[in-house]
There are 2 protein chains.
Amino acid sequence: MARNRIRLSEVAREAGVSPATVSRAISQPDLLSPETLARVRRAADHLGYRPDAAARALASGRSMTIGAVMPTLDNAIFSKALQAMQAQLAEDGYQLLVASHDYSKAAEAECIRTLLARGIDGLILVGAERIAEAAQLLTQSGLPVVMTWCAPDGAPSVLVDNEHAGLLATRHLIGLGHRRIGVITGATRFNDRQRGRYRGVRLALEEAGLTLPPALACEQATTLAGGRMGCAQLLDLAEPPTAIVGGIDLIAIGCMVEAQARGLAIPADLSVAGIDDLDMSAHVSPSLTTVHVPTARIGTEAARMMVATLRDEPGPTTLTLPVDLIVRRSTGPAPARG
Amino acid sequence: MARNRIRLSEVAREAGVSPATVSRAISQPDLLSPETLARVRRAADHLGYRPDAAARALASGRSMTIGAVMPTLDNAIFSKALQAMQAQLAEDGYQLLVASHDYSKAAEAECIRTLLARGIDGLILVGAERIAEAAQLLTQSGLPVVMTWCAPDGAPSVLVDNEHAGLLATRHLIGLGHRRIGVITGATRFNDRQRGRYRGVRLALEEAGLTLPPALACEQATTLAGGRMGCAQLLDLAEPPTAIVGGIDLIAIGCMVEAQARGLAIPADLSVAGIDDLDMSAHVSPSLTTVHVPTARIGTEAARMMVATLRDEPGPTTLTLPVDLIVRRSTGPAPARG
DNA sequence: TCTTCGTTTGAAAGCGCTTTCATCCAGAGT
DNA sequence: ACTCTGGATGAAAGCGCTTTCAAACGAAGA
């Protein structure tokens with residue numbers, strides 16, 4: 001950390017006021033008379049004064065820094081949310097300290113620990129599943145926390161109804177006449193988002209009186225390659241599905257790639273639906289039917305909620321964002337019975 | 001920032017030593033006798049002591065925080081580099097403070113300013129183009145800076161030879177007999193990476209005695225949609241190219257999508273090559289011929305270089321990572337003359 | 001005119017840690 | 001036996017800012 005050359009006290013001297021006044025000029029300008037304020041400002045500009053963040057943090061107990069712990073940045077949905085979060089926080093004068101754990105619970109706990117030690121004013125998390133140690137750290141720190149995507153009832157959070165998303169995608173396929181529907185999700189073990197979506201799929205099937213044979217459900221990495229592998233697995237079955245739901249768009253797109261590589265036409269031979277609505281999903285060929293999840297908004301709203309909490313502004317402490325089915329070209333009527 | 005309950009002085013009392021000793025136990029354990037060290041550690045563990053980052057930063061002048069300014073996080077190449085950077089920094093006990101500017105020079109300057117004010121120990125940047133104000137801020141701050149992807153000669157940096165990447169992709173197409181080669185880059189105005197790649201393309205064409213008619217070069221957003229639009233533009237020409245180089249994979253993939261949507265076969269009717277080698281590029285259909293850019297390694301190495309600099313370790317101050325042509329299925333021999 | 005109040009400013013005490021500098025002591029050297 | 005050396009520890013002075021608390025002042029009320 002570069003020692004700033006100019007200190008607050010020097011600005012005070014230059015402006016002919018006390019250090020306290022300069023401090024107030026920075027953080028509570030209303031308290032000063034317009035003339036004094038102007039004089040201080042002029043002096044500060046003149047000297048090129050920049051307050052020292054560490055000193056402010058130490059003296060005030062606030063660091064103006066929010067921590068965010070994400071599963072990974074290497075996935076459009078999280079990096080997009082992070083991008084939006086950062087933009088919103090910057091607008092309110094906060095900075096974002098980022099950590100990612102690559103879907104490891106232990107690593108997540110470590111992230112939380114270091115972020116906590118680093119002196120943050122609030123913490124934004126993804127999902128609500130974590131080891132006891134991490135949860136305990138959080139509660140005993142008393143730090144404001146906002147969870148995203150998933151959270152237990154009542155916890156401050158910005159959510160999407162993952163179950164509903166799975167439900168919408170599956171209902172759509174059922175409505176098109178599909179009866180044999182496969183599902184490929186990401187690992188559900190440390191991922192309540194994927195679990196919720198999977199539940200939604202099952203729910204829709206049950207509603208329609210259909211069953212999900214175990215062979216038609218598989219877990220894969222949440223990547224395009226994972227989607228390809230999962231699709232290959234399902235298509236190799238003696239009775240392959242006529243439609244597949246991907247737990248995230250990346251998987252669904254992988255499915256399409258694999259199916260097309262095998263000479264299948266989409267949606268004539270196989271319908272594919274995803275969940276997320278990535279930017280690219282509208283542009284792949286055929287365009288992907290999916291459930292839109294307002295990823296960027298999750299970031300924005302989480303940031304807003306965090307700032308509101310820190311400012312003691314009243315307001316809703318949980319927010320559920322809507323998900324919508326976007327019907328595109330990758331889904332169509334079930335093929336006639338052979 | 002949650003006020004930590006336990007202070008260093010309390011640990012000192014518990015351990016029966018002076019605060020100075022506890023401080024040394026944390027940051028310079030070698031200075032202490034093994035017994036004292038153990039005693040202090042025990043006391044600290046027992047009380048659940050966590051040092052206050054702001055106080056350490058203020059007293060020591062080091063914040064153990066590195067800032068990174070990226071164009072956007074909403075692009076796999078940057079988020080991947082960031083992910084790697086973060087992982088490496090975490091290993092060395094540093095934290096990452098992230099900001100992004102969405103390809104705006106003014107916003108970038110603002111990012112640099114706030115990051116500087118936030119008290120960071122070093123700054124990692126992408127590219128070397130920025131407004132004078134930002135450049136001046138950097139030099140007068142005297143902060144260690146590492147640039148990535150692009151940088152002027154001699155500046156501490158982790159680079160890739162963007163020009164060479166463009167060259168490799170284009171030579172490959174020329175080698176396949178293509179003579180009418182189109183190129184779609186991202187905006188080159190505030191993007192020295194894309195400019196370098198474009199230069200490489202021109203260079204390869206010149207080498208082969210070919211020209212690049214202005215109509216065959218276009219700039220588009222660095223997205224899949226941008227690639228589609230650019231491809232449409234080139235294919236609508238009276239004399240469309242037989243091969244297209246995309247400034248980044250995302251554009252190249254967009255090209256393929258557009259061409260396929262128009263009923264063209266790849267590579268029979270049109271060859272497409274990209275630069276980056278995204279994860280997905282191996283999995284799209286047909287798989288994309290591209291130039292591999294070690295994105296994650298850029299992040300890792302930049303982090304390493306930063307830490308080495310901060311520790312005053314000797315070592316190379318610029319590092320150029322190799323790029324390699326990866327031939328896949330999206331490129332093939334030029335169609336026979338009609 | 002005298003009190004009361006609100007507004008604006010200053011004095012000074014920290015915030016929790018790091019870091020000289022000084023001290024102490026044991027063993028090495030003579 | 002006596003100085004010298006180096007390692008281990010402590011005392012204390014900040015790091016640059018915020019924030020009570022109190023003072024000073026002019027205006028308003030009695």
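Just so we're on the same page: letters track the sequence lines, and every chain starts at 1.
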Task: Axis deviation across the helix from C:dT1-D:dA30 to C:dT30-D:dA1, five-pair ends, to the nearest 10° - done: 40°

Task: Contact under 4.0 Å: B:R62 side-chain N or O vs C:dT19 OP1/OP2 - done: yes

- [ ] Look at the side-chain N and O atoms of A:T36 and state whether any lies under 4.0 Å from the OP1 or OP2 oxygen of C:dT8.
- [x] no

- [ ] Whole angstrom is fine here: how far is it from CZ in A:R13 over to P in C:dG10?
- [x] 14 Å

- [ ] Kindly state each residue pair satisfying salt bridge (Lys or Arg N to Asp or Glu O under 4.0 Å) with at least one member in residues 133-148 of chain A, sequence neighbours excluded.
- [x] A:R113-A:E133

TODO: Send over the distance from A:D52 CG to D:dT18 C1', rounded to a whole Å.
DONE: 13 Å

Task: Rounded distance in Å - CG (A:L8) to P (C:dG10) - done: 12 Å

Open item on the list: Could you tell me how far apart B:L58 (CG) and D:dG16 (C1') are, to the nearest whole angstrom?
Closed with: 6 Å

Open item on the list: Check this one for me: any side-chain N or O of B:S18 less than 4.0 Å away from OP1 or OP2 of D:dG10?
Closed with: yes

TODO: Indicate, yes or no, whether a donor-acceptor pair under 3.5 Å links the base of D:dG16 to the side chain of A:R50.
DONE: no

TODO: Tell me whether the OP1 or OP2 atom of D:dT18 has a side-chain N or O from A:S60 closer than 4.0 Å.
DONE: no

TODO: Side-chain contact test, heavy atoms from C-beta onward, threshold under 4.5 Å: evaluate it for A:I120 versus A:I66 and give yes or no.
DONE: no

Open item on the list: Please enumerate all residues that pass side chain to side chain contact (heavy atoms under 4.5 Å, CB included) together with A:T317, with sequence neighbours excluded.
Closed with: A:P156

TODO: Would you list the pairs meeting salt bridge (Lys or Arg N to Asp or Glu O under 4.0 Å) in which at least one residue belongs to residues 15-34 of chain B, sequence neighbours left out?
DONE: none

Task: side-chain N/O B:T21 vs D:dT9 OP1/OP2, d < 4.0 Å - done: no

Could you list the donor-acceptor pairs under 3.5 angstrom formed between side-chain atoms of residues 76-93 of chain A and any protein atom two or more places apart in sequence or on another chain?
{"from": "A:S79", "atom 1": "OG", "to": "A:N75", "atom 2": "O", "distance (Å)": "3.2"}
{"from": "A:S79", "atom 1": "OG", "to": "A:A76", "atom 2": "O", "distance (Å)": "3.3"}
{"from": "A:S79", "atom 1": "OG", "to": "B:L73", "atom 2": "O", "distance (Å)": "3.2"}
{"from": "A:K80", "atom 1": "NZ", "to": "A:D279", "atom 2": "OD1", "distance (Å)": "2.9"}
{"from": "A:K80", "atom 1": "NZ", "to": "A:D279", "atom 2": "OD2", "distance (Å)": "3.1"}
{"from": "A:Q83", "atom 1": "OE1", "to": "B:L73", "atom 2": "N", "distance (Å)": "3.1"}
{"from": "A:Q83", "atom 1": "OE1", "to": "B:S100", "atom 2": "OG", "distance (Å)": "2.8"}
{"from": "A:Q86", "atom 1": "OE1", "to": "B:S100", "atom 2": "N", "distance (Å)": "2.7"}
{"from": "A:Q86", "atom 1": "OE1", "to": "B:S100", "atom 2": "OG", "distance (Å)": "3.0"}
{"from": "A:Q88", "atom 1": "NE2", "to": "A:D92", "atom 2": "OD2", "distance (Å)": "3.4"}

Task: Value in whole Å for how far the P atom of D:dA8 lies from CD of B:E35 - done: 9 Å

TODO: Give every residue pair that meets the side chain to side chain donor-acceptor pair (under 3.5 Å) criterion with at least one member in residues 302-314 of chain A, sequence neighbours excluded.
DONE: A:E301-A:R304

Open item on the list: Tell me the interatomic distance from A:I26, atom CD1, to D:dT19, atom C1', rounded to whole angstroms.
Closed with: 14 Å

Open item on the list: D:dT9, OP1 or OP2 - any side-chain N/O from B:S33 closer than 4.0 Å?
Closed with: yes

Open item on the list: With no hydrogens and no angle check, just 3.5 Å: does a side-chain donor-acceptor pair link A:E110 and A:H101?
Closed with: no

